[in-house]
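Notes follow once the structure below has been shown.
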Protein chains: 2
Amino acid sequence: MRIAELEKRTGVNRHTLRYYEKEGLLLEVHRGGNNYRDYPEKAVDRVAMVCQLKDLGFSIREIRDLLNALRSDRIDCAEGAYLMAEKKAAVEKKIRELRQIRKLLDSEQKRLEASAVAHGLSLKRTATTR
Amino acid sequence: MRIAELEKRTGVNRHTLRYYEKEGLLLEVHRGGNNYRDYPEKAVDRVAMVCQLKDLGFSIREIRDLLNALRSDRIDCAEGAYLMAEKKAAVEKKIRELRQIRKLLDSEQKRLEASAVAHGLSLKRTATTR
DNA sequence: GTAAAGTATAGAGTAAGCTCTAAGGTCAAG
DNA sequence: CTTGACCTTAGAGCTTACTCTATACTTTAC
């Protein structure tokens, strides 16, 4: 597929897609005789994965290392496994911290709700969203 | 305490501390007669909290809103509770996504380790870090 | 075959979040 | 009463991650 379709299907700006490619996040982007990019179907998933990792706070460089290790059926399996373990540790740390924050938010929410009720205020949209 | 001590105890650059203050992340920073900042003891915790939230991907603006709601024993309890619920939902979404990523990383790590062993490579630092 | 739409590259511009520099005021030690 | 370590502000500079502009080539539609 051409860049316009990938842009449409991923919601990622075409300039950003070219930037990701330049940064090594998208590999195997072949070109037609007209020099236009021709993305494979799986590019959609790859871009989605990049977006997700980005939202989780990984930098472009980290994402590149991670994704490249993931698709490496190459020699450096031990190195790849090491990288995985490293990222996993980082992910686990984030999960732990987020749990702590959630706990804090939860108790604060309850406290504020109680306060609001005490002041006789409506809680229309307030009570336990989702 | 003065800025040098807060810098030392939090590990956050003094320019950054002033920047955080300007952005409304640090409140009640009083001044002595010499116009020097005089931070209260709890500023250390407050800065630590800012750092943690930052690492979790919250923007300066989001952190300001969140922390100000947390310390508000003011009128807008209902609004504060709503804010808490909102952030909590975002935090929970992140946790879910990170769990998924961890799962992926875990299976990839195992695959790569198996590959490495199959190739007769050493796994010195590799096997399940932490 | 020409206009409109799509693609290419190179490089400028933007926003967030720092990080540092310059120029100057404060204060304790010697 | 000066030296040196601290503090102040204003504003410049830097990095990351886009986002856009300019210029030019290709394709599609009429």
Side-chain angles (χ1 to χ4, degrees), chain A residues 1-41 43-44 46-68 87 90 94 97, chain B residues 1-41 43-44 46-68 87 90 94 97:
Chain A
M1 85 194 69
R2 299 210 295 214
I3 203 164
E5 191 182 340
L6 188 60
E7 176 178 43
K8 201 172 173 182
R9 287 175 63 183
T10 60
V12 175
N13 186 308
R14 68 186 60 196
H15 297 288
T16 306
L17 290 172
R18 295 195 193 101
Y19 167 70
Y20 283 167
E21 182 183 341
K22 193 158 66 71
E23 294 301 316
L25 271 58
L26 306 175
L27 307 172
E28 296 158 30
V29 179
H30 299 295
R31 305 294 185 106
N34 52 14
N35 197 33
Y36 285 11
R37 287 173 181 80
D38 182 24
Y39 297 96
E41 193 59 27
V44 176
R46 177 108 180 171
V47 171
M49 184 84 191
V50 166
C51 291
Q52 198 175 23
L53 289 168
K54 208 171 50 59
D55 286 350
L56 291 172
F58 291 97
S59 72
I60 296 292
R61 174 167 300 207
E62 285 174 326
I63 295 172
R64 181 183 54 211
D65 294 348
L66 187 55
L67 291 187
N68 288 348
K87 295 293 175 194
K94 278 201 176 187
E97 289 181 350
Chain B
M1 86 194 67
R2 298 210 297 215
I3 202 164
E5 192 182 339
L6 188 60
E7 175 178 46
K8 202 172 174 184
R9 289 175 63 183
T10 61
V12 175
N13 186 307
R14 68 186 60 195
H15 297 288
T16 306
L17 291 172
R18 294 196 194 100
Y19 168 71
Y20 284 168
E21 182 183 342
K22 194 160 65 71
E23 295 301 315
L25 270 58
L26 306 176
L27 307 172
E28 295 158 32
V29 179
H30 299 295
R31 306 294 185 104
N34 50 15
N35 197 33
Y36 287 9
R37 286 173 180 80
D38 181 23
Y39 297 96
E41 193 59 27
V44 176
R46 176 108 180 173
V47 170
M49 184 86 191
V50 166
C51 291
Q52 200 175 22
L53 288 168
K54 209 171 50 58
D55 286 350
L56 292 171
F58 291 97
S59 71
I60 297 292
R61 172 167 300 207
E62 285 175 326
I63 295 171
R64 182 184 53 212
D65 293 349
L66 186 55
L67 291 187
N68 288 349
K87 295 292 175 193
K94 277 200 175 188
E97 288 180 352

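To find a chain, count down the sequence lines: A is the first, B the second, and so on, and within it residues start at 1.
- When the C1' atom of C:dA10 is taken as reference, atom NZ of A:K22 falls 10 Å away, rounded to whole Å.
- Between B:N34 and the phosphate of D:dC7, there is no side-chain N or O to OP1/OP2 separation shorter than 4.0 Å.
- Of the two residues near DNA chain C, B:S59 and B:G33, the one whose nearest nucleotide lies more 5' is B:S59.
- Distances from the side chain of A:A4 to the nucleotides D:dT19, C:dG6, C:dC27 place C:dG6 closest.
- One distance of note links CG of A:N13 with CZ of A:R18; it measures 8.5 Å at 0.5 Å rounding.
- Which of C:dG6, D:dT9, C:dT19 sits closest to the side chain of B:Y19 comes down to C:dT19.
- Put simply, CG on B:N35 is 14 Å from C1' on C:dC27, counting in whole angstrom units.
- B:Y20 contributes no side-chain N or O that forms a donor-acceptor pair with the base of C:dG17 under 3.5 Å.
- For B:K54, the listed nucleotide lying nearest its side chain is C:dC18; candidates were D:dT26, C:dC18, D:dC18.
- Closest contact between the side chain of A:R2 and the listed nucleotides D:dT27, C:dC18, D:dT8 involves D:dT27.
- Side-chain proximity of B:R14 to the nucleotides C:dT19, C:dA8, D:dC7 is greatest for D:dC7.
- Listed pair B:N13 / C:dC20 meets the phosphate criterion, a side-chain N or O lying under 4.0 Å from OP1 or OP2.
- Taking only side-chain atoms of A:I3, from C-beta outward, the nucleotide of C:dT7, D:dT26, D:dC18 with the closest atom is C:dT7.
- Taking 4.0 angstrom as the limit, B:R31 places a side-chain polar atom (N or O) nearer than this to OP1 or OP2 of D:dT9.
- Residue-level contact check: A:R37 touches the backbone only, with heavy atoms under 4.0 Å from sugar-phosphate atoms and none from bases.
- Under 3.5 Å, the side chain of A:H15 and the base of D:dC20 form at least one donor-acceptor pair of N or O atoms.
- For the pair A:Y20 and A:K54, the minimum side-chain heavy-atom distance is below 4.5 Å.
- Atom NZ in B:K8 sits about 17 Å away from atom C1' in D:dC7, given to the nearest Å.
- For the pair A:E62 CD and D:dA17 C1', the interatomic distance rounds to 14 Å; values are reported in whole Å.
- The distance from atom CE of A:M1 to atom P of C:dG6 is 17 Å, rounded to the nearest whole Å.
- Residue B:R61 is out of contact with every strand shown, counting any heavy-atom pair closer than 4.0 Å.
- We find that NE2 of A:H30 is positioned 18 Å from P of C:dT7, with the value rounded to whole Å.
- Inter-residue side-chain proximity for B:R37 and B:L6 is flagged as unmet; no heavy-atom pair is nearer than 4.5 Å.
- Taking atom CG on A:L17 and atom C1' on C:dT9, their separation rounds to 16 Å, with Å as the unit.
- Applying side-chain contact (heavy atoms from CB on, under 4.5 Å) to B:L25 and the options B:R64, B:R61, B:M49 leaves one that passes, B:R64.
- The A:Y36 side chain lies nearest to D:dT26 when the options are D:dT26, C:dC20, D:dC20.
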- Message: Let's go through A:E41 and A:R9 carefully: what are the C-alpha distance in whole Å and the side-chain angles of both, what is the deciding distance for salt bridge (charged side-chain N to carboxylate O under 4.0 Å, His left out) to 0.1 Å, and is it a yes or a no?
- Response: CA-CA 11 Å; A:E41 193 59 27; A:R9 287 175 63 183; 2.5 Å; yes

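- Spacing between atom CZ of A:R18 and atom C1' of D:dC20 amounts to 11 Å, rounded to whole angstrom units.
- At least one side-chain heavy atom of B:I60 sits under 4.5 Å from a side-chain heavy atom of B:Y19.
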